[in-house]
A.B. asks: 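Before I ask anything, here is the structure I am working with.
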Amino acid sequence: MNISYKSPGALEETRFEKIHSVIFEDSKKASLIIAKEISDLIIKKQKQDKNCVLGLATGSSPISVYQELVRMHNEDGLSFRNVVSFNLDEYFPMTKKDINSYHHFMNIHLFDHVDIDKKNIHIPDGNIKKERINEYCAEYEKKIAKQGGIDFQLLGIGRTGHIGFNEPGSNYDSLTRLVHLDYLTRNDARKAFFGIENVPTTAITMGIKTIRKSKRIVLMAWGNNKSSVVQKAIEGDVDSNISASYLQNHKNATFVLDKSASEDLTRVKSPWRTGSSNWNKELKAKAVAWLCEKTNKSILNLTESDYNENNLSELLIEKSYYDLNLDFYKRIHRSITGWPGGKPDSDDKVRPERSKPSKKRVLIFSPHPDDDVISMGGTFERLVSQGHEVHVAYQTSGNIAVSNSDVLRYLEVINSTFPDCECENDELIKILKNSSDIINNSRIREIAATIREKESLAATRFIGIPDNQVHFLKLPFYETGTIKKNIPTIVDKKIISETITKIKPHQIYAAGDLADPHGTHKVCLDILFDSLKDLKSKTFMKDCWVWLYRGAWHEWPIHEIDMAVPMSPFQVLRKRKAIFYHQTQKDNVMFQGDDNREFWVRTEDRNRAIAKKFRNIGMSDYTAIETFKRYHF
Ligand code: F6R
């Protein structure tokens, strides 16, 4: 693979950008290139008989960089003997052995797998006496200086804009010190700590000046939830409220972004403002949608001056504003359909789906056992009521997300109902009562999976499909009994391919969530895409269309929507009811993400918000809409 990026200074269509940044299709590719830069530097220094001083980060972002470095060590002989490392930060107080310590993180992701000399590893100690902290931090600075400073500093970015744990307000000249963590930062960490109340409120972090003194800085950002802060850091003013913006003053810093994290940059969001554009159909649609939002007008009300005054004159060279408006209006209007499986006996030239066959076999892939109803409950029900043969395949068991108290409740009901039952319930009940963490016990996880299966069946029965059309695939990559999942293998792909081959669907629906690069949705989607590649040449696949839906978090941008399925107020209530059958995922759910609303509220809000957007650009006023994008494989 040819992977490279231009060095700072070689800026292209980056008019609003004040930090060199490069965008990659996905975080995997981007991580390979960062690892390559690091390994090149290590080797260069080896040849000069010098140490290579690396500043290292923790968090979800660098995991795949470390994975690639470990691979290079194992397969390409990359040695870390000349590496001296300094980690950015550590929670305080925190013991080294704690599974949430950055010591533990670095060991499991990198240090335990490479030949670095342990005495060359430096990570702030979260276990020192409080009265020693100032002295300790000054020593940390000295140790870095003694090595001649950091050659390469790897950074992530927090949603507060922090680098290291330099939260908003951090001083430009700050050094290693004890800091207070912002609420948002602690909230983002709560999953690992099983609740925000367990996340430390303070940490030791390198300062802005410590980081700035590095000879080379690479900051990674993956996923949609970083796009807004990335835009502020790169395009905004240098601002103490966004620590990462301080890097605008560094001569050799690069932001490496995946597509989702770059979405708010001007060159991505409205590329016509950064220079001449390559006006394909997609981009024209994006521009008109953007113009509606900018001017707060519906499509057919946009005028020639709206285009001219908003950097879109170039568009008017080929077509009049009137035709542009009309093209986009028709495109959006035609995406709306009450017939997601195609309207039988009708002219389907401009409809999103084919009319034939009028009764289709439909396969909905749902990463967790409730994504089907959360993300496309309304469309699911329409497909069933319009006579299609709808199957659902739950890709993972979702067993990690059932709380101990829920498993306990079911076991206690069984014990009270069948007191003579010869099962090992008493032992399990004891374990469940004595732990607040996720329990890696195969029986308990199995019971948790069964609870979720039964919830799913209650929902699919409510929607009206027979139980034999509901498939629980339990993909092995997920079945680790812990939050950390395995890397998927061909076994996972085989299960997906066999399911598709058995059903031979005319339509596949899948969760097209690309937001969280390490999340289960993305892994499930990658496995599906891989399997589609393999199956592509099969005759039955010629007649199969793939539609992507979005999960509870993000919506497709309006110009990317290929099919919009409206819901009546009654259908919204039915969808809500179907979601309610997933009782273990209601109220205080274990994996809430950064949004405190319950799943049904989130999805209703999202479905209503997109309906409002459709209305604002001049479509009919629907209660709610579910949206889909076609995937051409
Ligand atoms: C980690 C660190 C933090 C993270 C940032 C992003 O050592 O200092 O600044 O880089 O919070 O975290 P993730 O990568 O988990 O989104």
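None of these values were measured; they are calculated from a predicted model. Order of listing sets the numbers, starting from 1, for every ligand and every atom in it. Atom set for the values below is all heavy atoms of this structure, side chains included, hydrogens, waters and symmetry mates excluded. Residues: numbered from 1 along the sequence shown.
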A.B. asks: Show the protein residues that qualify under the rule heavy atom under 4.0 Å from an atom of ligand 1, listing them in chain and number order.
C.D. replies: Ala57, Thr58, Gly59, Ser60, Ser61, Leu88, Asp89, Gly156, Ile157, Gly158, His162, Gly164, Lys226
A.B. asks: Output yes when Arg452 and Asp370 qualify as a salt bridge under the 4.0 Å nitrogen-oxygen rule, no when they do not.
C.D. replies: yes
A.B. asks: Which donor-acceptor pairs under 3.5 Å do side chains of residues 161-168 form with protein atoms, sequence neighbours excluded?
C.D. replies:
from	atom 1	to	atom 2	distance (Å)
His162	ND1	Thr160	OG1	3.3
His162	ND1	Glu167	OE1	3.0
His162	ND1	Thr185	OG1	3.4
Asn166	OD1	Arg177	NH1	2.9
Asn166	OD1	Arg177	NH2	2.9
Asn166	ND2	Ile163	O	2.9
Asn166	ND2	Met206	O	2.9
Glu167	OE1	Thr160	OG1	2.7
Glu167	OE1	Thr185	OG1	3.4
Glu167	OE2	Asp182	N	3.0
Glu167	OE2	Thr185	OG1	2.6

A.B. asks: Inspect the contact between Lys522 and Asp526 and indicate whether a charged nitrogen and a carboxylate oxygen are less than 4.0 angstrom apart.
C.D. replies: yes
A.B. asks: Is the backbone of Ile208 close enough, under 3.5 Å, to the side chain of Ser174 for a donor and an acceptor to pair up by distance?
C.D. replies: yes
A.B. asks: By ring-ring contact (aromatic ring centres under 6.0 Å, His included), which residues pair with Phe193, not counting sequence neighbours?
C.D. replies: Tyr91
A.B. asks: For Tyr140, enumerate each residue passing the ring-ring contact (aromatic ring centres under 6.0 Å, His included) test, keeping only those at least two apart in sequence or located in another chain.
C.D. replies: Phe86
